[in-house]
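Nothing fancy with the numbering, it's 1 onward along the sequence.
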Amino acid sequence: MVAGYTALTVRKIVQTRLIPAEPMSKPSPFATLEFWAWGAVFVASFAVAYVNPTALGTTARTCLPFLLASTVLGYMVGSGLPSGVKKVLHPIICCALSADLAAIAYGYLSRSGVDAVLGDYLTKAPSNPGAGDVLMGFLGSVIISFAFSMFKQRKLVKRHAAEIFTSIAIASTFSLYSTAILGRVIGLEPSLTISILPRCITVALALSIVSFFEGVNSSLTAAVVVLTGLIGANFVQAAMDKLGLNDPIARGIGTASSAHGLGTAALSAKEPEALPFCAIAYGLTGIFGSLICSVPAVRQSLSDARKIARIYVYRHIFCDHVSVVIRSKRVILYPSVLTTTKLAPTFHEEAAALQQPAGEQGTDSVVLLELAFDHFVTQRTKCL
């Protein structure tokens, strides 16, 4: 939403009038022949697995037809569901569920176990490709296909270049810093907060971004990115309708900069004229995020943002009772004020344990304010 409103604001500043987008056709649904063809592959491969399970191996090539057909059929079925059901059961979820169920069934029949089958789903080995490798092979052509819609809307892209690129840069920066601050406000561990920083960036670039930091969980990063995409694919269009973002530029940029590929697919299926702007934001959001996170000063500022959020929360909780003066990232806590609150014993006892007298300049703000906040929450102590 930040990208959408930024685009509208920049448009007003530069005084660019929006011209109608070139009409574009919606993607055609799956044909009946496609459904029956993949269904035949699925049934045939399942029959082989059921009739002669001892002949099955655990290599990727052996289980490739079965897993590939189940994955494609899952997406086909999910795409054909009513729009109301899709809000709960997105086609991507159907696709994942069908692949998992197929892996469980194949693992049971081959007596190799589900873990071995899932391991063969994506091998990243050209000599022994799995079902996931075959599907990933189409990713490049899918990305290239975006260029055709972008070329068709090239006049509109050139006319509104200022708002497009400015909004993407601001939205990417906002996403990273807002996630860092929010993660600290709700009390996430630093490693978890860093792991979810690139939640609005496509998985491939999100993993490269978190690799710049230490102690991150890349599996959590991938899971949060997919979850963000699913939420955006289901609700971003309704949210933009409520917020009054109606033109294709604001809707396309707003969707792709927050819900990346899944949001792009969901929006372009209903609003194909927004696809070029989704494609631009989809790529540039990840590129811009990768560039700024490669700068050491930016990475340090993202870590400092968590500390700023922590001090901000504590300061507002005790704003009427504890005087805090920030000087060179250190804090002075005035004893005269602390003695008027029921929190004073906690401050002085813990400060003594740290061999740091309360109220002395140089006392660590994070330590003392955390102690106060923990005491406030645990004991539900109310300041006088």
Side-chain angles (χ1 to χ4, degrees), residues 1-3 170-236 239 257-263 285-286 288-319 322 324 326 329-331 343 346 350 354 364-381:
M1 302 307 107
V2 173
I170 292 177
S172 301
T173 306
F174 176 83
S175 171
L176 292 170
Y177 281 93
S178 62
T179 304
I181 293 174
L182 184 61
R184 187 56 225 177
V185 168
I186 64 178
L188 290 180
E189 292 292 330
S191 59
L192 296 180
T193 303
I194 295 298
S195 298
I196 65 174
L197 282 181
R199 58 186 176 83
C200 296
I201 298 173
T202 187
V203 174
L205 293 177
L207 295 177
S208 67
I209 288 174
V210 296
S211 66
F212 291 128
F213 301 87
E214 297 181 356
V216 296
N217 186 339
S218 58
S219 298
L220 176 63
T221 302
V224 170
V225 169
V226 173
L227 180 61
T228 302
L230 288 174
I231 294 174
N234 286 328
F235 303 109
V236 71
S257 62
S258 59
H260 39 82
L262 295 179
T285 299
F288 189 81
S290 300
L291 288 176
I292 63 174
C293 286
S294 64
V295 180
V298 174
R299 295 199 298 271
Q300 183 61 41
S301 66
L302 286 170
S303 299
D304 291 341
R306 297 182 289 107
K307 299 178 182 178
I308 293 171
R310 175 165 46 190
I311 295 175
Y312 179 84
V313 172
Y314 298 153
R315 181 176 181 181
H316 278 67
I317 291 175
F318 304 101
C319 59
V322 179
V324 179
I326 301 179
K329 299 183 181 180
R330 312 298 278 185
V331 169
L343 296 175
T346 301
E350 299 295 344
L354 293 169
D364 188 270
S365 61
V366 173
V367 173
L368 290 182
L369 289 176
E370 275 190 336
L371 294 171
F373 182 69
D374 291 341
H375 183 78
F376 180 84
V377 173
T378 304
Q379 304 298 330
R380 297 184 181 274
T381 302

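One finds the CG atom of L176 at 9.0 Å from the CZ atom of F288 (value rounded to the nearest 0.5 Å). Atoms CG and CD1, from L291 and I209 in turn, are 9.0 Å apart once rounded to the nearest 0.5 Å. Residue N217 holds its CG atom at 13.0 Å from CD of E189, rounded to the nearest 0.5 Å. To the nearest 0.5 Å, atoms CZ (R299) and CD1 (I194) are separated by 10.5 Å.
Across A233 and L262, no two heavy atoms sit closer than the pair CB-O, 3.7 Å. When every heavy atom of S218 is checked against every heavy atom of L207, the shortest pair comes out as O-CD2, 3.5 Å. Closest non-hydrogen pair, T202 versus H260, comes out as N-CB, 3.9 Å.
A 6.0 Å sphere centred on CZ of F212 holds more than 12 heavy atoms belonging to other residues, nucleotides or ligands.
No side-chain heavy atom of P198 sits less than 4.5 Å from a side-chain heavy atom of L205. Counting heavy atoms from C-beta outward, V225 and I201 have side chains that stay 4.5 Å or more apart. At a threshold of 4.5 Å between non-hydrogen side-chain atoms, the residues L197 and L302 count as touching. Residues I196 and L220 have side chains in contact (heavy-atom distance under 4.5 Å, counting atoms from C-beta outward). Y177 places a side-chain heavy atom less than 4.5 Å from the side chain of V298.
In terms of modelled atom types and a separation under 3.5 Å, the side chain of T221 and the main chain of S195 share a donor-acceptor contact. Distance alone, capped at 3.5 Å, places no donor-acceptor pair between the S175 side chain and the A171 backbone.
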